[in-house]
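The next block holds one structure in the form of structure tokens; read it before the comments.
Here is the naming used below: chain letters follow the sequence lines, and residue numbers restart at 1 for every chain.
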Number of protein chains: 2
Amino acid sequence: MDDDQLVKLSAIAHRRKVPSGQIIMSDQEPASFFANLISGTVKLTKTTSDGRQQIVGLLFPPDFLGRSFRPSNPYFAEAASDLEICVFPKDAFERLAGEYPELEHRLFERTLDELDAAREWMLLLGRKTAEEKVADFLYLLARRSLLTHCADHATASFELPLSRADIADYLGLTIETVSRQLTRLKTSGVIRLINNRLIEVPSLDALSLVAGQDSPHPY
Amino acid sequence: MDDDQLVKLSAIAHRRKVPSGQIIMSDQEPASFFANLISGTVKLTKTTSDGRQQIVGLLFPPDFLGRSFRPSNPYFAEAASDLEICVFPKDAFERLAGEYPELEHRLFERTLDELDAAREWMLLLGRKTAEEKVADFLYLLARRSLLTHCADHATASFELPLSRADIADYLGLTIETVSRQLTRLKTSGVIRLINNRLIEVPSLDALSLVAGQDSPHPY
DNA sequence: CGACATGTTGAACCTCATCAACCGACGTGG
DNA sequence: CCACGTCGGTTGATGAGGTTCAACATGTCG
């Protein structure tokens, strides 16, 4: 994105803090803004009429939050932790997107990535065991942590961005099963639990093996 | 899409028949074309290293098949029945998309629809029971059949586009469970099985109820 | 210190997967 | 023409993986 666009973007933007648990975008009401995630984690959730919930997407910085060309979302966006976001009014942003085809193109690419991620997760939800699900989730986070804290690439350590309940909703499990599988992975030595939220992975390859990944993802 | 575009599109297109079971696009090799689905059903599948399979998307006419701005797919596209498709060479199509922003915009919109569908399916895969899954799938097909055979909108009848094995792979179940749930729905009177592939739904509302839909979808 | 939220562990139960037999339709070859 | 194998689908018996319910542990905040 060139300077001109960045200037115009920041002109219409403003920062906002959001406390954990707050709904950012709701199912029925129209989405009136776009936003860039500066810090924190956003979960996209869907719920059945009787209250069963499923997380259908996670957003980490610097992910983008919004709904292009549609009046409203078919899901909720909720702060899974305290957030900082950078908000753009929807109409102004879309005017800008009309001016700069590059911008729309970038949004398109991001949407394709989200689609790929969603489909990858469908395989996990439909066909993997509880142990594989948990290991897969941890493997995902471990790889993410390598991108930022670029360490030696064989081990990793990171903080869980979600509570047990949210992890369960992400993996299509119950909190009890998540907890049990975590202790299983701990006792089998695949991970170390420093505290409830902090995790160490001595061997990424070992973790990837438990996750049942097609191919150990290179980084 | 205006006439000019349609003319140029058809100039680079050619028809092709594809027998059931054939792989159209593969995981690793680059996707070299786009295609419009004229008749038949295409399944998008992902597979774990040990052979468990999950269908991550279904395409019906007049859906569009292809991968914008990416060299290859992270999944397979396979003919779930005999097909007729209308093929566009990738480079020619992308040149055209560059000329007509409208075209890229349309592709974007379709991708958003696919993303919504994928996320809806994540809720099904992660949180619904076998009975709800099967009922939900049938409800989906029933609504689709109303769009074409526009009948009285309270009942429906249609042909299953998938084998039991494919239905199982779509719902994250086994063929046995799919079969059992179908006979359950039959004996409880929610559906009628005319033959293995032909289904009648006396009451869409009753089916939607079993499917555990948030809201009975109006049509 | 007690109340509440979050997480862990245990025991019982249930849904769904697994394994196996069976059925009907179809195509092939003797 | 009929035996035969194959394929797609159904049905039954059994068992395992996860859910459910409940108790307990830990941590935090008033």
Worksheet, complete the sentence: With B for base contact, S for sugar-phosphate-only contact and - for none (protein heavy atoms under 4.0 Å), nucleotides 13-30 of chain D reads B----SBBB---------
Practice prompt. State, to 0.1 Å, how close B:L123 and A:K46 come at their nearest heavy-atom pair, and which atoms those are.
Written response: CD1-O, 3.8 Å
Item to complete: Please say whether more than 12 non-hydrogen atoms of neighbouring residues, nucleotides or ligands are located less than 6.0 Å from CZ in A:R70.
Response: yes
Discussion item. Would you compute the distance between atom CD of B:E132 and atom OG1 of A:T48 and round it to the nearest 0.5 angstrom?
Written reply: 7.0 Å
Fill in: Gap between atoms CD1 and P, on B:I175 and D:dG8 respectively (whole Å)
10 Å
Fill in: Parallel, tilted or perpendicular, as decided by the 30° and 60° cut-offs, for the rings of B:F108 and A:F69
perpendicular
Discussion item. What is the separation between atom CG on A:L193 and atom P on C:dT6, rounded to the nearest whole Å?
Written reply: 18 Å
Worksheet item: Quick one: B:I167 CD1 to D:dG8 C1', roughly how many Å, whole number?
Response: 12 Å
Practice prompt. Rounded off to whole Å, could you give me the CG-to-P distance for the B:L185 and D:dT10 pair?
Written response: 12 Å
Worksheet item: So with a 6.0 Å cut-off around CZ of A:R52, is the heavy-atom count from everything else above 12?
Response: yes
Practice prompt. Indicate yes or no: does B:D169 engage A:R127 in a salt bridge with an N to O separation below 4.0 Å.
Written response: yes
Fill in: Between C:dA17 (C1') and B:K133 (NZ): distance, integer Å
12 Å
Fill in: B:L162 CG - D:dG9 P separation (whole Å)
10 Å
Worksheet, complete the sentence: From CZ of A:R197 across to P of C:dT8 the rounded distance in Å is 11 Å
